[in-house]
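Before any comments, here is the structure.
Each chain gets a letter, A, B and so on, in the order the sequences are listed, and its residues count up from 1.
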Protein chains: 2
Amino acid sequence: MSVTLKDVAQAARVSVSTASRALTGTGLTSERTQQRLTRIARELGYRPNPIARGLKTGQSRLVALLVHNLTNASFQVMAEVMQARLKAVGYQMLLCIGGDDAQQESDTLTALVDHRIDGLIVVPTGKNGAQLKALAKDVPIVCLVRRDDATDLETVLADDPQGAYLGTRHLIELGHKRVGLIVGRQDTTSGRERLSGYVRALREAGIPVDDTLIHAGHFVPETGATSCRKLLDLPRPPSAIFVANHEATLGVLRVIAERNIAVPDDLSLLCYEDMPWFEWHRPAISIVDNGARDLANLAVDRLLQRMDAKGTGNDGVREYRVGARLVQRDSCRRIEVASTRAGKPKPSIAKPSAAKSPSKSSAAKSAKV
Amino acid sequence: MSVTLKDVAQAARVSVSTASRALTGTGLTSERTQQRLTRIARELGYRPNPIARGLKTGQSRLVALLVHNLTNASFQVMAEVMQARLKAVGYQMLLCIGGDDAQQESDTLTALVDHRIDGLIVVPTGKNGAQLKALAKDVPIVCLVRRDDATDLETVLADDPQGAYLGTRHLIELGHKRVGLIVGRQDTTSGRERLSGYVRALREAGIPVDDTLIHAGHFVPETGATSCRKLLDLPRPPSAIFVANHEATLGVLRVIAERNIAVPDDLSLLCYEDMPWFEWHRPAISIVDNGARDLANLAVDRLLQRMDAKGTGNDGVREYRVGARLVQRDSCRRIEVASTRAGKPKPSIAKPSAAKSPSKSSAAKSAKV
DNA sequence: CGATAGACTGCAAACGATTGCAGAAACGCT
DNA sequence: AGCGTTTCTGCAATCGTTTGCAGTCTATCG
């Protein structure tokens with residue numbers, strides 16, 4: 001079948017062990033034989049068998065990335081970034097789709113460690129914490145994007161509190177007083193943290209938090225649709241909606257289309273995490289970018305370090321954050337008075353009038369004074 | 001570290017070989033010892049080491065799926081389907097992103113065979129035909145969605161000629177005489193085949209093929225935008241556009257939004273391959289479904305069969321097609337049929353008759369095309 | 001010139017499983 | 001009881017590498 005080390009050794013008239021040492025560079029080998037062997041190996045097209053090697057060394061040069069699904073565009077770019085990074089240092093990346101099913105995730109997990117992966121980056125569903133914790137003894141693990149509270153694994157998170165804060169503040173600075181929030185389930189890290197960022201921005205601006213403006217739900221488009229309808233049907237509907245639940249975005253857009261709502265003229269819209277077509281949507285949709293590339297890079301950094309420092313256990317830091325940033329496009333508009341259509345005359349005398357740094361809002365088309 | 005076969009054998013006071021035979025079920029083993037061993041193995045938490053097993057058997061129980069990217073939604077569902085299917089028969093699926101880079105694809109390919117994968121399903125870029133052909137000697141390979149002309153690999157294709165034919169015929173049956181086609185590069189299987197299906201439907205209906213209505217381009221949104229503009233700017237623009245290039249769809253939608261064109265009142269739109277948000281877009285977009293799930297299933301079927309019938313080489317059939325079907329939603333509209341009885345070439349401009357579709361046509365704030 | 005360190009090299013034993021072959025036990029039959 | 005079958009079990013080799021240990025060779029020094 002394929003060329004083995006033995007073949008190379010025979011061709012070079014040395015023993016297998018010498019060949020091994022020469023090719024791996026380990027051990028003492030004379031300069032000459034080393035060069036000779038690499039040449040011969042190349043000529044013969046020798047490729048070391050990772051399986052045999054793995055059996056002996058206990059390593060596989062395989063790193064797995066386990067995500068629950070790939071519909072979220074961020075995961076696609078993360079996967080690509082990671083694959084490139086890992087390949088550069090000699091690892092093959094295994095991308096596995098865990099599904100939302102706990103059993104499925106669990107099975108995949110054991111299959112992976114059976115295969116003696118050298119490292120694992122996982123977006124935990126939170127349903128297999130115990131297993132993850134146990135596995136962490138055998139293989140370096142880094143959690144991504146979500147924290148699993150049942151473990152104390154090293155975790156790389158988006159700075160969701162900050163991202164949600166930035167987004168909300170942006171809308172407030174544009175003059176919005178009633179900002180609807182559609183956010184994810186409150187039993188997830190991101191769900192909670194984004195809500196808190198939203199609240200913080202409101203507080204900071206002295207705007208009271210109105211519970212009727214906040215909708216938390218599952219990570220599916222339907223959530224977005226129903227939440228959006230409820231928001232719009234409010235007696236005093238919001239002048240801006242912050243969709244801080246990526247998966248809900250489609251549902252929101254659907255309702256907006258259904259009702260022929262003009263964005264941003266009738267309603268400002270801000271979303272979370274980019275989609276490739278957002279900038280081509282009319283109007284182009286402004287977003288809070290959670291920094292997927294940075295997340296991916298940091299996760300790989302952490303994992304590699306962890307894999308190197310095999311024995312070294314608890315090294316202090318367990319949680320990393322990567323910054324979020326606002327990407328302004330055309331779906332948010334400056335308004336003067338908060339509620340435009342609701343009859344109630346709003347006391348426009350906002351107390352601590354924020355808007356100290358209006359920032360050059362991108363081509364604000366209609367900032368009537 | 002982990003429990004080995006030796007541990008189990010010792011605990012059961014039998015030899016390793018007996019333990020192996022009992023647990024794998026191969027060979028002759030007494031019913032009693034078999035049960036006893038399985039029990040002990042379970043108690044000890046024994047998990048066979050796939051690496052060691054692989055070294056001996058030459059198999060890895062790993063199957064790879066290599067795609068060039070995951071942005072195409074079809075690939076995501078295919079990946080999920082395949083993973084589930086393969087897991088059910090005891091294989092772990094490796095999902096690899098080849099990128100559009102030939103070198104990258106090539107590297108990944110060799111890494112995979114180095115790891116002794118048992119099978120490979122690949123969406124070939126067409127740039128590594130020679131390598132694929134060589135690899136096919138070592139490992140069963142099935143091509144998916146695209147054919148690599150440099151090889152004679154077994155290939156599972158969508159029925160693009162039929163799909164394009166169905167779509168075009170649908171539009172024709174709705175009364176459209178001028179159907180614009182936006183299609184992929186003509187050096188790809190799908191690009192050519194979809195064009196041919198379009199032409200066939202036209203011919204069959206006695207409609208002359210107008211080259212100015214046909215735009216072939218790269219698999220990127222920009223293609224869709226520029227093609228769409230050109231079509232709309234024609235002296236006699238089409239009354240329907242068939243976007244048979246999935247990746248171009250976003251560009252088309254963008255132009256339609258830009259120009260405030262009312263779909264389907266002013267223009268009928270038919271796309272190829274679903275996206276999860278198509279049914280929520282307003283209007284919901286009709287598509288030709290290429291049958292991603294079926295494709296995935298068939299590919300797995302073929303691969304598994306091929307993996308079983310190891311030695312058996314050329315078994316005749318080399319190309320499989322899975323049927324396409326039309327999914328009618330709201331983006332295509334019947335227009336006044338020019339002539340029901342004779343093929344009278346009637347150049348009359350379609351009048352804006354609103355009678356036909358009772359649906360709440362969207363405000364129609366726009367002028368005519 | 002011989003001893004000795006130092007630099008390489010080869011032998012052989014792992015790693016954890018599978019598997020051909022031969023020996024042992026159990027069974028039925030005359 | 002003796003014999004041939006059948007049924008099970010164990011020994012040992014093997015897959016392709018790595019690696020501890022011991023042996024060989026060269027060169028250097030006294």
Inset, instruction - Look at the side-chain N and O atoms of Thr33(A) and state whether any lies under 4.0 Å from the OP1 or OP2 oxygen of dT9(C). - result: yes

Inset, instruction - For the side chain of Thr4(A), starting at C-beta, report the closest nucleotide among dT18(C), dT18(D), dG16(D). - result: dG16(D)

Legend entry - For Arg36(A), all residues meeting salt bridge (Lys or Arg N to Asp or Glu O under 4.0 Å), sequence neighbours excluded: none

Inset, instruction - For Pro50(B), answer base if it contacts any base atom (sugar-phosphate contacts may also be present), sugar-phosphate if it contacts only those atoms, and nothing otherwise; contact means non-hydrogen atoms under 4.0 Å. - result: nothing

Inset, instruction - Using five base pairs at each end, measure the axis-to-axis angle across the helix from dC1(C)-dG30(D) to dT30(C)-dA1(D) and round it to 10 degrees. - result: 60°

Legend entry - DNA chain C contacts among residues 7-17 of chain B, heavy-atom distance under 4.0 Å: Ser17(B)

Inset, instruction - Please list, chain by chain and in numerical order, all residues satisfying side chain to side chain contact (heavy atoms under 4.5 Å, CB included) with Arg185(B), sequence neighbours excluded. - result: Asp187(B), Thr188(B), His218(B), Phe219(B)

Legend entry - Partner residues of Ala102(B) under the side chain to side chain contact (heavy atoms under 4.5 Å, CB included) criterion, sequence neighbours left out: Lys127(B), Asn128(B)

Legend entry - Proximal nucleotide (of dT18(D), dA17(C), dT9(C)) relative to the Arg53(A) side chain: dT18(D)

Legend entry - Among dG16(D), dT18(D), dA17(C), the nucleotide that comes nearest once only the side chain of Leu55(B) is considered: dG16(D)

Legend entry - Arg293(A): salt bridge (Lys or Arg N to Asp or Glu O under 4.0 Å) partners, not counting sequence neighbours: none

Legend entry - Any pair counted as salt bridge (charged side-chain N to carboxylate O under 4.0 Å, His left out), so long as it reaches residues 82-95 of chain A, sequence neighbours left out: Arg85(A)-Asp301(A), Lys87(A)-Asp107(B)

Provide a list of protein-nucleic acid N or O atom pairs under 3.5 angstrom, restricted to nucleotides 21-28 of chain D.
none

Legend entry - Gap between atom OH of Tyr320(B) and atom CG of Leu295(B) - 0.5 Å precision: 14.0 Å

Inset, instruction - Could you tell me which residues satisfy side chain to side chain contact (heavy atoms under 4.5 Å, CB included) with Ala111(B), sequence neighbours excluded, listed by chain and number? - result: Gln92(A)

Inset, instruction - Please list, chain by chain and in numerical order, all residues satisfying side chain to side chain contact (heavy atoms under 4.5 Å, CB included) with Ala292(A), sequence neighbours excluded. - result: Ser74(A), Val77(A), Met78(A), Asn290(A)

Inset, instruction - Output all residues satisfying ring-ring contact (aromatic ring centres under 6.0 Å, His included) with Phe75(A), sequence neighbours left out; order by chain, then residue number. - result: His68(A)

Inset, instruction - Map Ala19(B) and Tyr46(A) onto DNA chain D by nearest heavy atom, then report which one ends up closer to the 5' terminus. - result: Ala19(B)

Legend entry - Partners passing salt bridge (Lys or Arg N to Asp or Glu O under 4.0 Å) against Asp101(A) (at least two apart in sequence or in another chain): none

